[in-house]
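Okay, structure first, notes after.
Residue numbers run from 1 in the order of the sequence given.
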Amino acid sequence: MASNQQAEPRIEIGSVMRDTETGRIGIVHRSPEGPVRLHALSSDTHWEPDPDALRPLTQTETLSARVAVANYWSRNRV
């Protein structure tokens with residue numbers, strides 16, 4: 001019998017994910033204590049999201065986010 005439940009997204013270190021509670025995008029890291037941490041693409045900011053609120057980005061979304069960050073830094077160089 002087929003199940004209608006979707007598989008939980010895998011949270012892998014180095015993957016790019018969206019925190020659906022905040023809308024922020026980050027790269028998955030783990031803190032020394034073990035909880036999931038996200039590192040913002042555009043700064044040195046880290047935060048600990050609720051793992052149930054994480055959604056993996058599609059390849060298109062990941063590329064778009066990385067291009068936006070590159071464009072930001074190229075325009076705002078001091």
Side-chain angles (χ1 to χ4, degrees):
M1 182 172 357
S3 173
N4 288 336
Q5 292 180 334
Q6 290 183 331
E8 291 292 321
R10 290 192 54 174
I11 300 173
E12 297 180 7
I13 293 174
S15 61
V16 181
M17 302 195 92
R18 178 179 304 276
D19 179 347
T20 59
E21 289 182 347
T22 65
R24 296 170 69 192
I25 295 172
I27 299 172
V28 176
H29 290 272
R30 297 227 186 252
S31 71
E33 298 80 37
V36 173
R37 294 184 80 193
L38 290 184
H39 179 262
L41 295 177
S42 60
S43 69
D44 284 332
T45 305
H46 290 84
W47 73 99
E48 292 183 7
D50 176 357
D52 293 332
L54 293 178
R55 177 183 70 77
L57 270 61
T58 65
Q59 288 181 343
T60 302
E61 290 172 319
T62 300
L63 179 60
S64 179
R66 290 185 186 271
V67 167
V69 169
N71 286 340
Y72 171 82
W73 287 113
S74 70
R75 290 185 195 116
N76 296 294
R77 284 190 139 158
V78 177

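- When side chains are defined from C-beta on, Glu21 counts as touching Asp50, because their heavy atoms get closer than 4.5 Å.
- Leu38 has its side chain within reach of Val28: a pair of non-hydrogen atoms, C-beta onward, lies under 4.5 Å apart.
- Nearest heavy-atom pair across Pro49 and Leu54 is CG-CD2, 3.7 Å.
- The structure places CD of Glu48 at 11.5 Å from CG of Asp19, a figure rounded to the nearest 0.5 Å.
- Residues forming a side-chain contact (heavy atoms from CB on, under 4.5 Å) with Glu12 (at least two apart in sequence, or on another chain): Arg10, Ser15.
- Ile27 and Val67 fall into different hydrophobic clusters, defined by Ile, Leu, Val, Met, Phe, Trp and Tyr side-chain heavy atoms under 4.5 Å apart, directly or through other members.
- If you chain together hydrophobic residues whose side chains sit under 4.5 Å apart, Trp47 and Met17 fall into the same group.
- Linking Ile, Leu, Val, Met, Phe, Trp and Tyr residues whenever their side-chain heavy atoms come within less than 4.5 Å leaves Leu57 and Ile11 in two separate clusters.
- Rounded to the nearest 0.5 Å, atoms CG (Leu41) and CD1 (Ile25) are 6.5 Å apart.
- Between Ala40 and Arg24, the shortest heavy-atom contact is CB-NH2, 4.5 Å.
- With rounding to the nearest 0.5 angstrom, the OG1 atom of Thr45 is 7.5 Å from the NE2 atom of His39.
- Within the structure, salt bridge (Lys or Arg N to Asp or Glu O under 4.0 Å) pairs that include any residue of residues 56-71 comprise Arg55-Glu61 (at least two apart or interchain).
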